[in-house]
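What follows is one structure encoded as structure tokens, with my remarks underneath.
It should be emphasised that the depicted structure is a prediction, and the values quoted were computed from it without experimental measurement.
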Amino acid sequence: MSTIFAEATPAGRGGVSIIRLSGPESRRVAEELAGPLPRPREAYYRTAKDGSDLIDRCLVIRFDAGSSFTGEDSCEFQLHGAPVVVRRLEAALRDRGLRRADPGEFTLRAFLSGRLDLAQVEGLADLLEAETEDQRKLAAAASEGALGKLAEIWREDLILVGSLLTAAIDFADEEIPDDVTAEVDHILERTRLSISEQLSGFPASERLRIGFEVAIIGVPNAGKSSLMNVIAGRDIAIVTEQEGTTRDIVEFRADLKGLPVTFLDTAGIRESNDIVERLGIEKAAERAKGSDLRIFLGVVPDKALALAKDDDVFIDTRRDLTGDPSAVSGLTGEGVDQLLDRIHEVLRERVSRASLVSHSRQADAMQAALDALHVEDAADTEIIAEAVREAVHHLKRLVGKIDTEDYLDRVFSTFCIGK
């Protein structure tokens with residue numbers, strides 16, 4: 001396998017720039033440029049030179065195969081954070097036959113070497129994309145292999161069941177002891193319940209990973225754009241007294257106490273002869289219908305009420321005029337904090353049911369395993385044994401041990417270069 005390199009820190013000026021190497025030539029090339037590196041996993045202060053040309057004074061760390069992120073021999077140069085220094089070292093690496101890594105190639109090598117399973121890879125990708133604390137926690141658990149460890153427990157239990165059933169088949173002429181049958185039934189039921197519990201939390205986990213959408217709905221001049229601007233803390237939506245000002249959807253992504261939430265300022269819902277405004281209203285209704293939560297402002301027309309669902313929020317926006325403590329004001333900002341607390345409470349309750357499963361690929365593999373295990377209690381031993389083998393097959397898919405080729409390009413293309 002070729003030896004690759006990439007800058008692991010963001011391009012541009014900074015205090016330090018890190019160049020990572022991975023592959024069989026890593027140590028040789030690092031020592032050719034920076035001198036001997038006697039012990040792994042320790043940082044050494046070295047002068048990096050390309051022949052007689054001084055590149056930089058830097059720290060160099062060596063990682064041996066089996067104890068590195070990729071599972072291969074790896075090295076790391078920690079240089080001064082100047083783009084010209086990075087370019088000079090990269091030129092020296094290319095001159096020695098190394099090539100620049102593709103996006104996600106370091107993580108791909110970690111997967112291929114068995115350092116990470118596919119569920120961990122997905123968790124690592126989610127961790128790099130995390131914007132809020134709750135997303136970080138979900139992704140961190142996945143990147144540490146929590147789902148893979150649970151899948152291994154299921155797999156080991158099913159292998160035990162398979163061995164018991166195989167023994168029963170091999171000695172079909174003998175009566176199967178009652179305790180063996182009871183153990184098989186107990187393990188299968190326990191595994192089914194555990195998989196079902198994780199699958200039930202998938203919708204909440206997926207929503208937490210992707211983020212929630214909250215649509216602000218009302219008639220023209222109900223205060224939607226003013227409320228949006230207060231939530232955002234800046235003017236992101238145009239506010240005028242002219243009806244129909246908002247014609248397209250204005251979005252603002254926020255960190256709501258750890259939850260990722262995108263607020264949508266939508267076109268005022270009314271009957272209109274203006275084709276552009278009418279298209280905006282139709283688009284607003286469609287987007288609001290698919291949102292996780294809707295905030296209805298003021299007097300809501302029947303056309304908008306048809307979009308309402310449980311937990312949606314209905315609130316008046318004239319607090320500055322009425323003094324109503326249950327209302328809000330987009331002009332003064334009064335009551336907006338309480339409104340955000342209410343939205344957070346609704347969404348927080350939903351994610352309380354989140355599980356370790358946050359990707360549809362994972363859920364599909366687990367559902368297939370669960371479907372395979374739903375066999376009749378009175379089914380023949382051979383049928384149950386085949387169902388168990390099929391379930392184990394799908395659990396291997398879950399962690400990427402089989403049938404992953406079509407998925408790999410899509411997963412690893414989301415990574416940045418250097419990871």
Side-chain angles (χ1 to χ4, degrees), residues 111 116-126 137-139 141-169 176 179-210 292 349-408 410-411:
F111 168 71
L116 300 174
D117 64 41
L118 193 53
Q120 285 179 283
V121 170
E122 290 164 327
L124 181 56
D126 293 341
K137 290 178 179 178
L138 179 68
S143 66
E144 286 296 305
L147 182 58
K149 292 173 184 175
L150 188 56
E152 183 60 21
I153 292 174
W154 297 333
R155 194 181 71 86
E156 289 180 354
D157 280 349
L158 292 179
I159 289 174
L160 174 58
V161 168
S163 66
L164 293 173
L165 293 174
T166 299
I169 293 170
I176 302 174
D179 58 343
V180 171
T181 302
E183 184 176 7
V184 167
D185 291 343
H186 173 70
I187 294 175
L188 288 178
E189 181 61 18
R190 181 178 66 197
T191 303
R192 284 193 292 259
L193 287 174
S194 183
I195 296 175
S196 296
E197 181 181 356
Q198 287 296 316
L199 282 172
S200 68
F202 165 62
S205 301
E206 183 182 44
R207 214 70 209 128
L208 177 57
R209 178 177 67 83
I210 296 173
D292 300 282
E349 195 280 329
R350 295 183 189 180
V351 300
S352 66
R353 299 186 288 270
S355 66
L356 297 173
V357 190
S358 59
H359 287 260
S360 58
R361 183 201 67 83
Q362 300 166 357
D364 290 345
M366 291 170 58
Q367 186 63 58
L370 184 62
D371 291 344
L373 293 177
H374 280 302
V375 293
E376 297 291 336
D377 293 338
D380 291 341
T381 303
E382 291 85 352
I383 294 176
I384 299 175
E386 180 57 32
V388 168
R389 281 192 289 272
E390 183 181 348
V392 170
H393 170 85
H394 291 302
L395 292 178
K396 288 181 179 179
R397 285 177 49 217
L398 172 61
V399 294
K401 291 185 177 180
I402 52 175
D403 296 343
T404 60
E405 289 78 7
D406 293 339
Y407 193 70
L408 291 182
R410 183 151 55 95
V411 172

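S355 meets the side chain to side chain contact (heavy atoms under 4.5 Å, CB included) test with Q198, S205, V357; sequence neighbours excluded. Applying the side chain to side chain contact (heavy atoms under 4.5 Å, CB included) criterion to E386, with sequence neighbours excluded, gives R389. Checked against side chain to side chain contact (heavy atoms under 4.5 Å, CB included), R209 has the following partners two or more places apart in sequence or in another chain: D126, L138, E206, S358, H359. Qualifying side chain to side chain donor-acceptor pair (under 3.5 Å) partners for E156, counting only residues two or more places apart in sequence or in other chains: none. For A365, the side chain to side chain contact (heavy atoms under 4.5 Å, CB included) partners are R397, L398, not counting sequence neighbours.
Of all non-hydrogen atoms in L116 and Q120, the two that sit nearest each other are CA-OE1, 3.5 Å. A369 approaches L395 most closely through the heavy-atom pair CB-CD2, 4.1 Å. Between L118 and F111, the closest heavy-atom pair is N-CE1, 3.7 Å.
In this structure the side chain of V399 never reaches within 4.5 angstrom of the side chain of E152, judged on heavy atoms. Residues D371 and H394 form no side-chain contact, since every pair of their non-hydrogen atoms from C-beta on lies 4.5 Å or further apart. L193 places a side-chain heavy atom less than 4.5 Å from the side chain of E189. For the pair M366/F202, no side-chain contact is recorded, criterion being any heavy-atom separation below 4.5 Å from C-beta on.
S194 places no side-chain N or O within donor-acceptor distance of the main-chain N or O of T191, the cut-off being under 3.5 Å. At distances below 3.5 Å, not a single donor-acceptor pair connects side-chain atoms of R207 with backbone N or O atoms of R350.
Atom CD1 in I187 sits 11.5 Å away from atom CD1 in I159 (nearest 0.5 Å). Note that CG of L199 is 10.5 Å distant from CD of Q362, once rounded to the nearest 0.5 Å.
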Query raised in the report: Where do L370 and H374 land on the side chain to side chain contact (heavy atoms under 4.5 Å, CB included) test, with the steps shown first?
Result: CA-CA 7 Å; L370 184 62; H374 280 302; 3.7 Å; yes
Contacts table for residues 141-151: side-chain donor-acceptor under 3.5 angstrom, sequence neighbours left out:
| residue | atom | partner | partner atom | Å |
| --- | --- | --- | --- | --- |
| S143 | OG | A139 | O | 3.3 |
| S143 | OG | A140 | O | 2.9 |

